[in-house]
Amino acid sequence: MMQLFNTRGHQLRQFTPLRPDSVRMYSCGPTVYNHAHIGNLSSYIYADILRRTLKQCFGTTKHVMNITDVDDKTIRDSLAKYPDRPPRQALQRLTGHYQQIFLDEMRAVGNNIDDITLVKATDSIAEIQQLILRLLEQKVAYVASDGIYFSVDTYAKKRQYGQLSHIDLHSHHQERIVNDEYDKDNPSDFALWKKQKPGEPAWDFTLTDGTHLAGRPGWHIECSVMSSHNLGQPFDIHTGGVDLIFPHHENEIAQSTAGDQPELYANFFVHNEHLLVDGAKMSKSAHNFFTLPDLISRNYSPLDFRVLVLQSHYRSATNFSWQSLTAAHNRRHHWQEVAVLRWQVSDNPSQEQTEQVHQLVEQLVSALENDLDTPGALRYLDQAYNLFSPDQTDLAALDLLIETGDQLLGIKVGETTPDIPPEDYELIAQRQKARGAKDWAKSDRLRDRLADRHITINDGVTPIWSRNND
């Protein structure tokens, strides 16, 4: 039995798929105009853990994530970077570049992108236009001089607006919002379609009355269409950071349930808290953010960052610091030092060790099923790795632990601890011979050669070697 905190209702609830054959899940993905900062990446890590847990519990899980490749920011930066190219070509060049960077960074932090269906906004223009025409027909949208807008007041006469954020329409002044994102808590009319400005990329759009309105979609409607078109409606789970609750997710719900559409958009909304720096939300506008290359430049692995994220519950704000990242690195390194025992010690079968590993793995799974308790899951993982020593290692039990931990948590202990090649073993043997002959100069040279090959030697203890390039 799996439990998740549902923002829609603000309570912990048992999760059951709407369909018996699969779980359908949508995650708000990146706007590809620059590197994602690590606060964004933390949200995608939690979504990855959720999908892994759902797959463990229910089997088939379809996970869709959008790529926002047209909005105010992508247009602004593409026109600035490629002023001599046609606007749509400039947009495609910029967003294609940063989409690939995003995918590379997702892989680096341990996310399984092969299990995600990625959908670009610019590949969904026809479906977006179909929904806009439907909303116009239902008279919950209207044409203005600069585009097409959704009428929040009209929608609220028949359906509840603000079911996630509990926004009170009567306590706010109504106005029209032109930009894609806004900070104020104002449930205002928002753009579904933005009329082309001079020099901007645009797509043709003909309304039912024959009006031609070349332009591009607003931000909110992109996710409404990419989710429902690829998953059906209603679908099971919608994920994202808490900063997306309002206005983005509220507006998604409104667009997707207006008029004669189904009353339910997504059954569960699962939101993760912020990753903080010095107690403040990490954001590009505040210039208080780090990217994955920033961490790598200080010799941390992207997987160290994954462990740091998993050490906190997704509904608790986490304060990023270099000290906490170092602690995550040390924790992961301990798992790796145990994992390399499988190449350096003899098998010592133990029924007791096998049973203990199985029990701790079951507890790890139960922790994840309990509202994604990743801190608890890591504690059980620690306990399981601590069962092994050079004198007592059941290799089958160790293999089971490595495989299960990697499958459920994406920490890649197995992948980052392969056996070393024969030539490295030969260098180790030569060094041991030099040490036996008290040829310390040769011993040091061989140690340096091994270090250049990213092998660290632990004299007098097992494991004799470990890797230092992870």
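Bear in mind that the values here come from a model prediction, so they are computed numbers and not experimental data.
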Student: Under the ring pair (Phe, Tyr, Trp, His ring centres under 6.0 Å) rule, what do F102 and Y44 come out as? Steps first, then yes or no, please.
Tutor: CA-CA 11 Å; F102 170 73; Y44 307 136; 5.3 Å; yes

Student: Under the side chain to side chain contact (heavy atoms under 4.5 Å, CB included) test against L292, which residue among L41, D104, I101 passes?
Tutor: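 Output: one option passes, namely L41.
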
Student: Does T53 reach the side chain of L372, with side-chain heavy atoms less than 4.5 Å apart?
Tutor: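 T53 vs L372: side chains touch.
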
Student: For the backbone of E127 and the side chain of S124, can you confirm whether one donor and one acceptor N or O come within less than 3.5 Å of each other?
Tutor: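 No; zero donor-acceptor contacts below 3.5 Å.
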
Student: Quick one: are the ring centres of F320 and F290 less than 6.0 Å apart?
Tutor: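 Between F320 and F290, the centre distance is under 6.0 Å.
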
Student: Y98 and D77: side chain to side chain donor-acceptor pair (under 3.5 Å), yes or no, with the steps?
Tutor: CA-CA 12 Å; Y98 283 110; D77 287 11; over 6 Å; no

Student: Compare all side-chain heavy atoms of R13 with those of L4 and state whether any distance is below 4.5 angstrom.
Tutor: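 Result no, sub-4.5 Å side-chain heavy-atom pair not found.
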
Student: Just by modelled atom types, is the G279 backbone N or O under 3.5 Å from a matching donor or acceptor in the N319 side chain?
Tutor: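 Answer holds: yes.
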
Student: For the pair E369 (side chain) and Q3 (backbone), establish whether a donor and an acceptor sit closer than 3.5 Å, ignoring hydrogens and angles.
Tutor: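 Checked: no pair found.
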
Student: Which one of R379, R331, R306 satisfies the side chain to side chain donor-acceptor pair (under 3.5 Å) criterion with Q311?
Tutor: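 With Q311 as partner, R379, R331, R306 yield a single side chain to side chain donor-acceptor pair (under 3.5 Å), made by R331.
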
Student: Of all the heavy-atom pairs spanning H333 and R467, show the shortest one and how long it is.
Tutor: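 Closest heavy-atom pair between H333 and R467: CE1-O, 4.1 Å.
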
Student: Side chain of Y46, backbone of V309: donor and acceptor closer than 3.5 Å?
Tutor: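 Yes, because the side chain of Y46 sits within donor-acceptor range (under 3.5 Å) of the backbone of V309.
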
Student: Who are the side-chain contact (heavy atoms from CB on, under 4.5 Å) partners of I125, not counting sequence neighbours?
Tutor: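 Scan of I125 (side-chain contact (heavy atoms from CB on, under 4.5 Å), adjacent residues dropped) gives Q129, W193, W203, P217.
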
Student: Determine yes or no for a side-chain-to-main-chain donor-acceptor pair under 3.5 angstrom, with N6 supplying the side chain and Q11 the backbone.
Tutor: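 No.
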
Student: Does a side-chain heavy-atom distance below 4.5 Å link S151 with K139?
Tutor: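 A side-chain contact is absent here, since even the closest heavy-atom pair is not under 4.5 Å.
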
Student: Given side chain to side chain contact (heavy atoms under 4.5 Å, CB included), test H329 with V307 step by step and report yes or no.
Tutor: CA-CA 8 Å; H329 165 82; V307 175; over 6 Å; no

Student: To check you understand the geometry: which heavy-atom pair defines the closest contact between S312 and T374, and what is its length?
Tutor: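 Smallest interatomic distance, heavy atoms only, reads O-OG1, 3.2 Å.
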
Student: Rounded to the nearest 0.5 Å, what separates atom CG in L118 from atom CG in D123?
Tutor: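 Reported value, rounded in 0.5 Å steps: 11.0 Å.
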
Student: When you measure from the centre of the six-membered ring of F5, is the NZ or CZ of R315 under 6.0 Å away and within 45° of the axis?
Tutor: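 R315 over F5 ring: yes.
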
Student: Does any N or O in the side chain of D406 come within less than 3.5 Å of the main-chain N or O of E403, such that one atom is a donor and the other an acceptor?
Tutor: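 Not at all, since once roles are kept as given, no pair shorter than 3.5 Å links the two residues.
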
Student: Look at the side chain of H274 and the backbone N and O of S316, then say whether any donor-acceptor pair between them is shorter than 3.5 Å.
Tutor: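 No: the side chain of H274 does not pair with the backbone of S316.
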
Student: For the pair R52 and D115, find out whether any cationic side-chain nitrogen is under 4.0 Å from an anionic carboxylate oxygen.
Tutor: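 Here R52 does not pair with D115 in a salt bridge, since their nearest N and O are not under 4.0 Å apart.
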
Student: Are L136 and L207 packed together at the side-chain level, in the sense that at least one heavy-atom pair is separated by less than 4.5 angstrom?
Tutor: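 Sidechains of L207 and L136: in contact.
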
Student: Looking only at non-hydrogen atoms, find the nearest pair between T206 and L133 and report the distance.
Tutor: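 Here T206 and L133 meet closest at O-CD2, 4.4 Å.
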
Student: Could you tell me the separation between the NE2 atom of H166 and the CD atom of Q160, rounded to the nearest 0.5 Å?
Tutor: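 Rounded to the nearest 0.5 Å, the NE2-CD separation comes out at 7.5 Å.
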
Student: Any chance CG of N386 has more than 12 other-residue heavy atoms, nucleotides or ligands included, within less than 6.0 Å?
Tutor: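 Atom CG in N386 is crowded, with more than 12 foreign heavy atoms closer than 6.0 Å.
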
Student: Between R93 and S78, is a side chain to side chain contact (heavy atoms under 4.5 Å, CB included) present by the stated rule, with each step listed?
Tutor: CA-CA 8 Å; R93 188 175 180 89; S78 63; over 6 Å; no

Student: Testing T404, D48, L378 for side chain to side chain contact (heavy atoms under 4.5 Å, CB included) with L409, which one passes?
Tutor: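 Testing L409 for a side chain to side chain contact (heavy atoms under 4.5 Å, CB included) against T404, D48, L378 leaves exactly one candidate, L378.
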
Student: Would you check, one step at a time, whether the test salt bridge (charged side-chain N to carboxylate O under 4.0 Å, His left out) holds for R216 with D72?
Tutor: CA-CA 10 Å; R216 54 90 174 181; D72 291 345; 2.4 Å; yes

Student: Got a second to check how far Q89's CD is from D84's CG, nearest 0.5 Å?
Tutor: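 It comes to 11.0 Å.
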
Student: Any chance CD of E263 has more than 12 other-residue heavy atoms, nucleotides or ligands included, within less than 6.0 Å?
Tutor: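 Counting other residues, nucleotides and ligands, CD of E263 stays at 12 neighbours or fewer.
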
Student: Is the closest basic N to carboxylate O distance between K194 and D146 below 4.0 Å?
Tutor: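 Salt bridge flag = no for D146 with K194.
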
Student: Using modelled atom types only, decide if a donor and an acceptor are shared between the side chain of S27 and the backbone of G29 within a distance under 3.5 Å.
Tutor: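 Such a contact is absent between S27 side chain and G29 backbone.
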
Student: For T7, does its backbone N or O pair with a side-chain atom of H10 as donor and acceptor, under 3.5 Å?
Tutor: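 Checked: pair present.
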
Student: Should D189 and Y142 be marked as a side chain to side chain donor-acceptor pair (under 3.5 Å) after you check the CA-CA gap, both sets of side-chain angles, and the distance that decides it?
Tutor: CA-CA 10 Å; D189 293 354; Y142 58 91; 2.8 Å; yes

Student: How far apart are the C-alpha atoms of R332 and D304, what are their side-chain angles, what is the distance that settles it, and do they pass the salt bridge (charged side-chain N to carboxylate O under 4.0 Å, His left out) test?
Tutor: CA-CA 7 Å; R332 191 175 70 89; D304 296 334; 2.8 Å; yes

Student: For atom CD of Q336, decide whether the heavy atoms of other residues, nucleotides or ligands shown that lie under 6.0 angstrom number more than 12.
Tutor: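 Enclosed.
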
Student: Decide side chain to side chain contact (heavy atoms under 4.5 Å, CB included) for S228 and Y265; before the verdict, give the C-alpha distance in whole Å, the side-chain angles of both, and the deciding distance to 0.1 Å.
Tutor: CA-CA 8 Å; S228 296; Y265 171 49; 3.6 Å; yes

Student: Atom CD1 in I75, atom NZ in K197: separation rounded to 0.5 Å?
Tutor: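 Nearest 0.5 Å value for the CD1-NZ distance: 9.0 Å.
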
Student: Is any side-chain heavy atom of Y149 closer than 4.5 Å to a side-chain heavy atom of S188?
Tutor: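 No, too far: nothing below the 4.5 Å cut-off.
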
Student: On a heavy-atom basis, which atom in A339 and which in T417 lie closest, and how many Å separate them?
Tutor: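 Taking A339 first and T417 second, the nearest heavy atoms are CB-OG1, 3.7 Å.
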
Student: Using a 4.5 Å cut-off on heavy atoms from C-beta on, say whether the side chain of I49 contacts that of L310.
Tutor: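 The answer is yes; the side chains approach within 4.5 Å.
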
Student: Taking the six-membered ring where the residue is Trp, are the ring centres of H220 and H249 under 6.0 Å apart?
Tutor: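 No, the ring centres sit 6.0 Å or more apart.
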
Student: From the options Q261, H229, Q255, Q233, select the one residue that forms a side chain to side chain donor-acceptor pair (under 3.5 Å) with S224.
Tutor: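 Output: one option passes, namely Q255.
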
Student: Can you confirm if the aromatic rings of F150 and Y155 lie within a centre distance of less than 6.0 Å?
Tutor: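 They qualify: ring centres under 6.0 Å apart.
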
Student: Assess whether a salt bridge exists between D236 and R19, defined as any Lys/Arg side-chain N lying under 4.0 Å from an Asp/Glu carboxylate O.
Tutor: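 Salt bridge: no.
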
Student: Using the rule given for ring pair (Phe, Tyr, Trp, His ring centres under 6.0 Å), can you reason through F268 versus F15, listing the C-alpha separation, both sets of side-chain angles and the distance that settles it, and then say yes or no?
Tutor: CA-CA 8 Å; F268 273 68; F15 172 77; 5.3 Å; yes

Student: Where is the tightest heavy-atom contact between R24 and L231, given as atom of each residue plus distance?
Tutor: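 Minimum heavy-atom contact is NH1-O, 2.7 Å.
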
Student: Does the side chain of D373 reach to within under 4.5 Å of the side chain of L368, using non-hydrogen atoms?
Tutor: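 Side chain of D373 against side chain of L368, heavy atoms only: no contact under 4.5 Å found.
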
Student: Are Y300 and F305 close enough that their ring centers fall under 6.0 Å?
Tutor: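 Ring centroids of Y300 and F305 are no less than 6.0 Å from each other.
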
Student: Taking all heavy atoms of T68 and all of N66, pick out the closest pair and write down the distance.
Tutor: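 That would be OG1-ND2, 2.9 Å.
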
Student: Evaluate the side-chain proximity of D71 to T74: yes if any heavy-atom separation is below 4.5 Å, no if none is.
Tutor: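 Result yes, sub-4.5 Å side-chain heavy-atom pair found.
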
Student: Can you tell me how far OG of S43 sits from CG of L275, rounded to the nearest 0.5 angstrom?
Tutor: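 If I round to the nearest 0.5 Å, the distance is 11.0 Å.
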
Student: When you measure from the side chain of Q138 to the backbone N and O of R134, does any donor-acceptor pair fall under 3.5 Å?
Tutor: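 Between the backbone of R134 and the side chain of Q138 there is no qualifying donor-acceptor contact (under 3.5 Å).
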
